[in-house]
Structure formats: structure tokens, C-alpha cells
Amino acid sequence: MSRNRRLILSPPSLVWSLLSDGHRYGEWVSGTQQIITVDPQWPEVGARLGVRVGAGPLTLDDTCVVRICEPERRLELEAKAEPFGAARIAMNLIPWGEHTLFLLEWHPLRGPGTRMHGLPVDYIVSIRNGMMLTKFARIAVSEQHRNAADVPSGAFGR
């Protein structure tokens, strides 16, 4: 299993708004070339997100299915990439003052990944997931600054 965590300098509501927009996963999920489909009910349990992943001309279509959804707290996905099997991706959001501690766990459920599971694979996945959280954090902070700039001056009272 790979575990990563990142303190994101944005509130859980903003972090959740990014997670609950399936069309934006390509902005922060490493290896995503294209978002193919997003079920209208995303991120409700059972909703699917179709993505094309890969590098250069080597691509693979992947489907992520929501298994657990607790708005503004927890989102768990099953990523299916045949013939490579499936993995569990768990994202937990913990309020940390006015910020968010984002915990990300990944582990293989079935397929070849379960046999390769261990230190070398987990280390590579951990590096990838750390890069994803860094991208995600930058997007969240940028969104927060953009939202703050949209508030008219004097809106906070006198």
C-alpha cells in the first residue's frame, strides 16, 4: 500500500469541490491524457469516470468507480485498468484549522499489481501520488485566491 499526505492551504469545502468535479481530474492526476466520460451523478456511489491514461502513444482506457462517498470528508474509488487489474484509491479530507489535511492511499485489489505489491512498486506509486497531491494543492490554492479576488471590496463589513 502507498500512503501520502499533504496539508492543503484551502478549506475542505474547496478541496471537495475539486474532487467532486470529475472533469478536472486530468488537471492533477498524473498520467491522465483525457477524461473520456463523467457520469452526471459523479461523485455518488456507483458513478463512473472514464479516463485515458498513458505516456505518448502508449495509452490505456481506465474506469474509476465510486465505492464510498462522504461529501467533504471521504471519497474512495476503484480504478480498473484491464488487463492490469484494479486498485483502491482512498482520499480522506481532515479539517486542519482553516486548511485541509489530504490523505491518499493506494493499493492493488486484483490483477498483476497484487503480485508485484511491495516496496519497489509502493515506492514508485508513492512518488507519483506525492506529485499528484502537489499539483492538486497548487490548483486548490489558486482557486482559493481566485475566489477571494472575486469578492467585492467592502463585502466583509466595516
Side-chain angles (χ1 to χ4, degrees), residues 1-55 60 62-81 84-109 113-114 116-151:
M1 178 187 315
S2 169
R3 290 185 176 147
N4 295 77
R5 63 194 151 282
R6 175 75 187 234
L7 182 64
I8 298 179
L9 304 179
S10 299
S13 59
L14 189 141
V15 172
W16 180 258
S17 72
L18 290 171
L19 282 180
S20 62
D21 186 349
H23 296 281
R24 298 199 63 185
Y25 274 54
E27 294 177 38
W28 62 276
V29 176
S30 299
T32 301
Q33 289 190 344
Q34 178 184 359
I35 302 297
I36 301 168
T37 59
V38 180
D39 282 353
Q41 65 272 24
W42 182 268
E44 294 175 16
V45 172
R48 295 174 182 275
L49 176 69
V51 297
R52 181 159 294 135
V53 297
L60 178 68
D62 186 4
T63 302
C64 292
V65 180
V66 177
R67 296 298 182 205
I68 297 173
C69 178
E70 297 173 13
E72 295 192 22
R73 292 190 52 227
R74 181 175 169 204
L75 184 62
E76 292 198 19
L77 309 176
E78 181 177 340
K80 302 176 183 179
F84 299 105
R88 171 185 169 261
I89 301 164
M91 297 169 276
N92 290 289
L93 309 178
I94 300 171
W96 201 261
E98 53 191 50
H99 306 305
T100 308
L101 184 59
F102 191 135
L103 306 176
L104 176 64
E105 291 181 359
W106 174 95
H107 71 83
L109 295 171
T114 59
M116 297 185 299
H117 188 50
L119 186 60
V121 171
D122 288 351
Y123 181 72
I124 291 167
V125 171
S126 183
I127 290 171
R128 173 189 181 259
N129 290 349
M131 292 177 0
M132 286 188 336
L133 286 179
T134 297
K135 280 190 211 176
F136 187 94
R138 285 184 185 140
I139 293 167
V141 168
S142 175
E143 294 273 323
Q144 184 173 348
H145 289 160
R146 187 176 9 251
N147 292 345
D150 289 342
V151 175

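- Between Ile89 atom CD1 and Leu109 atom CG the span is 9.5 Å, to the nearest 0.5 Å.
- By the neighbour-count criterion of 12 heavy atoms within 6.0 Å, atom CZ of Arg67 is densely surrounded, having more than that number from other residues, nucleotides or ligands.
- For the pair Ser17 (side chain) and Leu14 (backbone), a donor-acceptor distance under 3.5 Å is present.
- In terms of heavy atoms, Glu44 sits closest to Val66 at O-CB, 3.4 Å.
- Between the side chain of Asn92 and the backbone N or O of Arg74 there is no donor-acceptor pair closer than 3.5 Å.
- To the nearest 0.5 Å, atom CG of residue Asp39 and atom SG of residue Cys64 are 11.5 Å apart.
- When all heavy atoms are compared, the tightest approach of Ser2 to Asn129 is OG-ND2, 3.9 Å.
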Does the side chain to side chain contact (heavy atoms under 4.5 Å, CB included) test come out yes or no for Asp21 and Trp42, once each step is laid out? CA-CA 7 Å; Asp21 186 349; Trp42 182 268; over 6 Å; no

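- Taking 4.5 Å as the limit, some side-chain heavy atom of Leu19 sits within range of a side-chain heavy atom of Leu93.
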Show your working on side chain to side chain contact (heavy atoms under 4.5 Å, CB included) between Leu104 and Met132 and close with a plain yes or no. CA-CA 10 Å; Leu104 176 64; Met132 286 188 336; 4.0 Å; yes

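- When side chains are defined from C-beta on, Pro11 counts as touching Gln144, because their heavy atoms get closer than 4.5 Å.
- Every ring pair (Phe, Tyr, Trp, His ring centres under 6.0 Å) that Phe102 has, sequence neighbours left out, goes to Phe136.
- Looking only at distances, a side-chain donor or acceptor of Thr100 sits under 3.5 Å from a matching main-chain atom of Ser10.
- Using a 4.5 Å cut-off on side-chain heavy atoms (C-beta onward), Asp122 and Trp106 make contact.
- Asp62 places a side-chain N or O within donor-acceptor distance of the main-chain N or O of Lys80, the cut-off being under 3.5 Å.
- When all heavy atoms are compared, the tightest approach of Leu103 to Arg5 is CD2-CB, 3.4 Å.
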Run the numbers on Glu76 and Arg88 for salt bridge (charged side-chain N to carboxylate O under 4.0 Å, His left out), then give the verdict. CA-CA 7 Å; Glu76 292 198 19; Arg88 171 185 169 261; 3.0 Å; yes

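- Of the possible polar contacts, one joining the Thr134 side chain to the Gly130 backbone as a donor-acceptor pair under 3.5 Å is found.
- Counting heavy atoms from C-beta outward, Ser13 and Glu72 have side chains that approach closer than 4.5 Å.
- Rounded to the nearest 0.5 Å, atoms CZ (Arg146) and CD (Glu143) are 4.5 Å apart.
- By the ring pair (Phe, Tyr, Trp, His ring centres under 6.0 Å) test, Trp16 is found to be paired with no residue, residues two or more places apart in sequence or in another chain being considered.
- No side-chain heavy atom of Leu77 sits under 4.5 Å from any side-chain heavy atom of Arg48.
- For the atom pair CZ (Arg128) and CG (Asn4), the distance works out to 10.5 Å, reported to the nearest 0.5 Å.
- Within the 4.5 Å cutoff, the side chain of Arg24 has heavy atoms near those of the Leu18 side chain.
- Here the closest non-hydrogen pair linking Cys69 and Val45 is N-CG2, 3.9 Å.
- Once rounded to the nearest 0.5 Å, the distance linking CD of Glu70 with CE of Met91 reads 12.5 Å.
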